Amino acid sequence: MSTTEPRTGQSTDRPAAENTGENLLEVRGLQKHFPIRQGIIFQRQVGAVRAVDGIDFSVGPGESLGLVGESGCGKSTTGRLITRLLEPTGGSVVFDGEDITHRSPGRMQEARRNLQMIFQDPYSSLNPRHTVGTIIETPMRLNGINPPQGHKKRAQELLETVGLNPEHYNRYPNEFSGGQRQRIGIARALALRPKLIVADEPVSALDVSIQAQVVNLLQDLQREFGIAFVFIAHDLAVVRHFSERVAVMYLGKIVEVAGRESLYTRPRHPYTHALLSAVPEADPDAVKRRERIRLAGDVPSPIDPPSGCRFRTRCWKAQDRCATEEPPLARAEGSPTGHLTACHFPEEPTVAAREEDIVLDPALG
Ligand SMILES: Nc1ncnc2c1ncn2[C@@H]1O[C@H](COP(=O)(O)OP(=O)(O)OP(=O)(O)O)[C@@H](O)[C@H]1O
Ligand SMILES: [Mg+2]
């Protein structure tokens, strides 16, 4: 792919945040509390980091859901809970009709064939002592997959699929650039023909000029192979080109989820407004139209999150009720079906920006 410009994705604006058909992935009340212990010999728990604190969402077959939020809001933890690299504290994960919430690592093998992950750092996620061929073939061998054309030929085909030269088969990761390494990681994830890929900030470690190429490659793969994605990013501009629906996280909670167009043009949660106001736009007039919102203060600690609405300590609309009553994630009046907002005082559903105004600016990452 020669272009470094992102392509605009399909214009599908899924009406329902909760899909009506069979879901590939169903997450209900998911929680991860990391215990904080004290003491040298007799360790006791003195608290917990509430990294993910009761979230619900679903992903349909072949669908892409973007998961966005500031650093530390629990995105990677969510990705690791779904792929069961972490054990949840509460809630459930149902993948492809099977409850995998508490599956043992041995029994996860089967589900992992269909549930792969792409990591943020292409430098640490590939074993430097293995050739590219070994890296791509290992998941096939571990899962007893014997392609008719043989492992080597299949690995070389996968290299071509991700835009690399099949002759790279015998080379080592350190001979490649970051973008190329990420392509190797993608080829490895594709080797098992998964139904769902959780991509945890797959482009944020890459050079600015390479980011859009890798996003476009993932989008091609999503369309060609019908793979569903949970695409994690802290930048709304990146997922805007990739995800049909977007969920916004704040301090371990989902505060807003909606079809792409609805979320980007008519955000209802003040936090989404603030995030969108930081996204650069292609059209200078659009910049004038949109007021830039600077969030006051830091993100509170997930060890002791604010009562009621967690965003209230930084919210310009907060009132007494926000401190005592946690707002449910529900449809706000005036929003389309499936556009859910967790706010007692949602913003007016006015057009915040034209969707095409929003550009991919990797400098934000
Ligand atoms: N193993 C762990 N033990 C204790 N706390 C953890 C652990 N892993 C993550 N956390 C904490 O959980 C919270 C959420 O972390 P997480 O990595 O999921 O955030 P994130 O949204 O992916 O952030 P980033 O954008 O920086 O990658 C943070 O406060 C983090 O410090
Ligand atoms: Mg992360």
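These numbers come from a predicted model, not from an experiment. Both counts, for ligands and for their atoms, begin at 1 and track the order of listing.
- By the 3.5 Å distance cut-off applied to N or O atoms, S76 is counted among the residues near ligand 1.
- Residue side and main chain included, T77 places no N/O/S atom under 2.8 Å of the Mg ion (ligand 2).
- Remark: minimum distance from atom 14 (C) of ligand 1 to any protein heavy atom is reached at G72 O, 3.4 Å.
- Heavy-atom proximity to E201, at under 4.0 Å, picks out these atoms of ligand 1: 25 (O), 27 (O).
- The residue from H234, H33, K75 that puts a heavy atom closest to atom 25 (O) of ligand 1 is K75.
- With contacts defined as side-chain heavy-atom distances shorter than 4.5 Å, the pair V27/S58 does not qualify.
- Of all protein heavy atoms, the one lying nearest to atom 18 (O) of ligand 1 is T77 OG1, 2.5 Å.
- Ring to ring, H269 and F311 are close: their centroids are under 6.0 angstrom apart.
- In this structure, E348 does not pair ionically with R268, as no charged nitrogen and carboxylate oxygen lie closer than 4.0 Å.
- With contacts defined as side-chain heavy-atom distances shorter than 4.5 Å, the pair F231/L65 does not qualify.
- At a 3.5 angstrom cut-off on N or O pairs, V49 does not count as close to ligand 1.
- Polar contact with ligand 1: absent for F34 (N/O pair, distance under 3.5 Å).
- For ligand 1, the atoms sitting less than 4.0 Å from at least one non-hydrogen atom of P302 are 29 (O), numbered in the order shown with element in parentheses.
- Using modelled atom types, one finds a donor on one side chain and an acceptor on the other under 3.5 Å when comparing D200 with S76.
- No salt bridge links R266 with E261; every basic N to acidic carboxylate O contact stays at or beyond 4.0 Å.
- Side-chain N/O atoms of E256 and H339 include a donor and acceptor closer than 3.5 Å.
- Residue nearest to atom 12 (O) of ligand 1, selected from S204, A48, A51: A51 (by heavy-atom distance).
- Under the 4.0 Å distance rule, the nearest protein heavy atom to atom 5 (N) of ligand 1 falls inside the cut-off.
- For atom 26 (O) of ligand 1, the nearest protein heavy atom (residue, atom name, distance) is S71 OG, 2.5 Å.
- Considering backbone and side-chain N/O atoms, Q120 never comes within less than 3.5 Å of an N/O atom of ligand 1.
- Residue contacts with ligand 1 do not include G69, since none of its heavy atoms lies under 4.0 Å from the ligand.
- Between R113 and P194 the shortest side-chain heavy-atom distance does not fall below 4.5 Å.
- Checking S124 against D121 by side-chain atom types alone, a donor-acceptor pair falls below 3.5 Å.
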